[in-house]
Protein chains: 2
Amino acid sequence: MAKEIERRRDLIAATIREIGAQGTLNVTVGQIAKRAGVSPGLAFHYFGDKEALFLAAMRWILRDYGLQVRAALAAADGPAERLDAVIEANFAESHFRDGAVAAWLNFYVLAQRSTEAARLLALYHRRLHSNLVHDLRPLAGAEAAAGIAVRLAALIDGLYLRFALARDAVEAAPAAAEVRAALSIELAAVAAPTPRSAARS
Amino acid sequence: MAKEIERRRDLIAATIREIGAQGTLNVTVGQIAKRAGVSPGLAFHYFGDKEALFLAAMRWILRDYGLQVRAALAAADGPAERLDAVIEANFAESHFRDGAVAAWLNFYVLAQRSTEAARLLALYHRRLHSNLVHDLRPLAGAEAAAGIAVRLAALIDGLYLRFALARDAVEAAPAAAEVRAALSIELAAVAAPTPRSAARS
DNA sequence: CCGATTATTGATTGACGAGTCAATTAATGG
DNA sequence: CCATTAATTGACTCGTCAATCAATAATCGG
């Protein structure tokens with residue numbers, strides 16, 4: 001019984017690693033199974049088909065992300081600290097390990113075919129956005145918070161992309177620093193009256 | 001002779017459209033050929049293999065992007081206008097048409113396997129960065145320019161990602177507006193003394 | 001027109017991979 | 001121990017697809 005859970009975990013981990021290693025969703029179930037140390041048939045036995053295995057891997061990554069964010073938030077005190085925690089969690093080491101970034105990037109591609117993948121990704125987007133807005137509100141006001149959150153979220157994703165490409169650079173810290181810099185600049189702009197070029201659209 | 005150029009263009013256009021339509025690089029040469037209205041054999045005749053066809057499509061998109069940026073820059077006057085032109089060009093309608101965004105996203109994935117694709121993508125990154133830095137320098141000073149450029153470039157890419165997912169939302173304008181907003185905030189922060197939270201790192 | 005060159009076809013091959021399944025092995029409980 | 005059930009295997013099928021190639025059609029120069 002517990003065997004099943006263990007095997008599923010093994011296969012999911014192997015899936016993420018294999019996608020990371022090959023940099024594509026074009027991995028065979030055979031390769032995944034081999035990496036997990038089981039026969040190909042077992043993967044089908046537990047997951048039914050390849051897509052289900054991919055989706056399980058994606059859920060795994062998202063669940064891991066969610067846990068990490070919640071843990072970081074629990075330890076933080078006050079909006080400023082909480083924002084920092086969210087940023088930190090988004091660039092946590094575990095998101096850059098074992099080809100997780102490459103897997104993540106490929107899930108973006110998967111989301112264009114699979115409505116379930118799209119749903120999961122939308123969930124992530126909403127979570128990130130609402131986390132940011134929640135703690136931006138007390139610092140920047142209700143009106144400015146939404147806009148800042150959109151930009152910070154996109155900035156986070158964009159920096160992710162860069163890292164997905166530069167596989168050698170394993171340092172996540174500079175990325176987080178850029179986001180923090182953008183945050184402090186955004187907050188400063190709210191505090192001070194906009195000096196001229198306010199494109200309020 | 002001119003026939004060859006025409007066929008190559010047809011096939012490249014069909015490749016981009018097909019990748020866009022399917023949302024993946026898992027398209028068959030047969031499907032591409034059919035879309036281009038030729039036989040599968042012809043694609044191999046002109047490009048050798050599938051990967052070469054993909055790379056040609058990627059070069060095409062990048063070339064188009066480069067042309068558009070250069071054209072926009074030529075019409076702009078002064079750093080502020082030029083920055084606006086770069087932003088505008090990055091969200092030009094042609095980059096959102098015929099599944100170009102989906103193709104773009106898939107090229108990110110391709111870049112993890114193909115060194116040539118990685119090279120092309122790095123080229124794009126460098127171009128964007130240096131365009132931004134060039135015109136940020138007179139407005140923000142040499143020191144601040146680089147950091148701002150990194151953040152704006154990542155922001156642009158991140159907003160692209162969102163659009164790649166939300167296929168229904170074909171409006172690029174709001175994305176460009178976000179980048180412009182970030183730009184004006186960044187410039188304001190340079191003008192005013194940083195109020196407290198300067199994480200100069 | 002004709003012959004030569006170039007463009008284009010589409011049938012074919014060979015490899016590969018998803019998914020199935022009957023058979024084998026391990027675990028479990030009495 | 002044995003019997004029953006669960007876990008696991010890996011050979012097999014069947015479809016698909018990249019790439020090839022011999023054959024056909026178009027083009028063109030003279």
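Every chain is numbered from 1 and lettered A, B, ... according to where its sequence line falls, protein lines coming before strand lines. Side-chain atoms are counted along with the backbone in the values below, which use heavy atoms only and exclude waters and symmetry mates.
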>> Taking the ring of A:Trp104 and the ring of A:Tyr124, is the distance between their centroids below 6.0 Å?
In response: yes
>> Does B:His129 have more than 12 heavy atoms from other residues, nucleotides or ligands lying within 6.0 Å of its NE2?
In response: yes
> Has B:Gln31 got more than 12 heavy atoms of other residues, nucleotides or ligands less than 6.0 Å from its CD?
Replying inline: yes
> Ignoring hydrogens and geometry, is there a side-chain-to-backbone donor-acceptor pair from B:Asp64 to B:Trp60 under 3.5 Å?
Replying inline: no
>> Looking at B:Ala111, is its backbone amide N or carbonyl O close enough to the side chain of B:Ser114 to form a donor-acceptor pair, meaning the two atoms are under 3.5 Å apart?
In response: no
>> Under 3.5 Å for both pairing distances: what stems, at least three Watson-Crick or G-U pairs long, include DNA chain C?
In response: C:1-30 with D:1-30
> Is any side-chain N or O of A:Arg7 closer than 4.0 Å to OP1 or OP2 of D:dA7?
Replying inline: no
> What's the CZ-P distance between B:Arg8 and C:dT6, to the nearest Å?
Replying inline: 16 Å
> Hey, is the main chain of A:Ala36 close enough, under 3.5 Å, to the side chain of A:Glu18 for a donor-acceptor pair?
Replying inline: no
>> B:Glu81: which residues meet the salt bridge (Lys or Arg N to Asp or Glu O under 4.0 Å) condition with it, sequence neighbours left out?
In response: none
>> Please classify the nucleic acid contact of B:Tyr46 as base, sugar-phosphate, or nothing, using heavy-atom distances under 4.0 Å.
In response: sugar-phosphate
> Expressed in angstrom and rounded to an integer, what is the separation of A:Arg9 atom CZ from D:dA7 atom P?
Replying inline: 16 Å
>> Counting primed atoms plus P, OP1 and OP2 as sugar-phosphate and everything else as base, spell out the protein contacts along nucleotides 18-30 of chain C at 4.0 Å heavy-atom distance: B, S or - for each nucleotide, 5' to 3'.
In response: SBB----------
> In whole angstrom, what separates B:Phe47's CZ from C:dA7's P?
Replying inline: 14 Å
>> Can you tell whether the side chains of B:Glu6 and B:Arg9 come within less than 4.0 Å, N to carboxylate O?
In response: no
> What integer distance in Å separates A:Glu6:CD from D:dA6:P?
Replying inline: 19 Å
> Between D:dT5 atom C1' and A:Glu4 atom CD, what is the distance in whole Å?
Replying inline: 14 Å
> CG of A:Asp10 versus P of D:dA7: gap in Å, rounded?
Replying inline: 14 Å
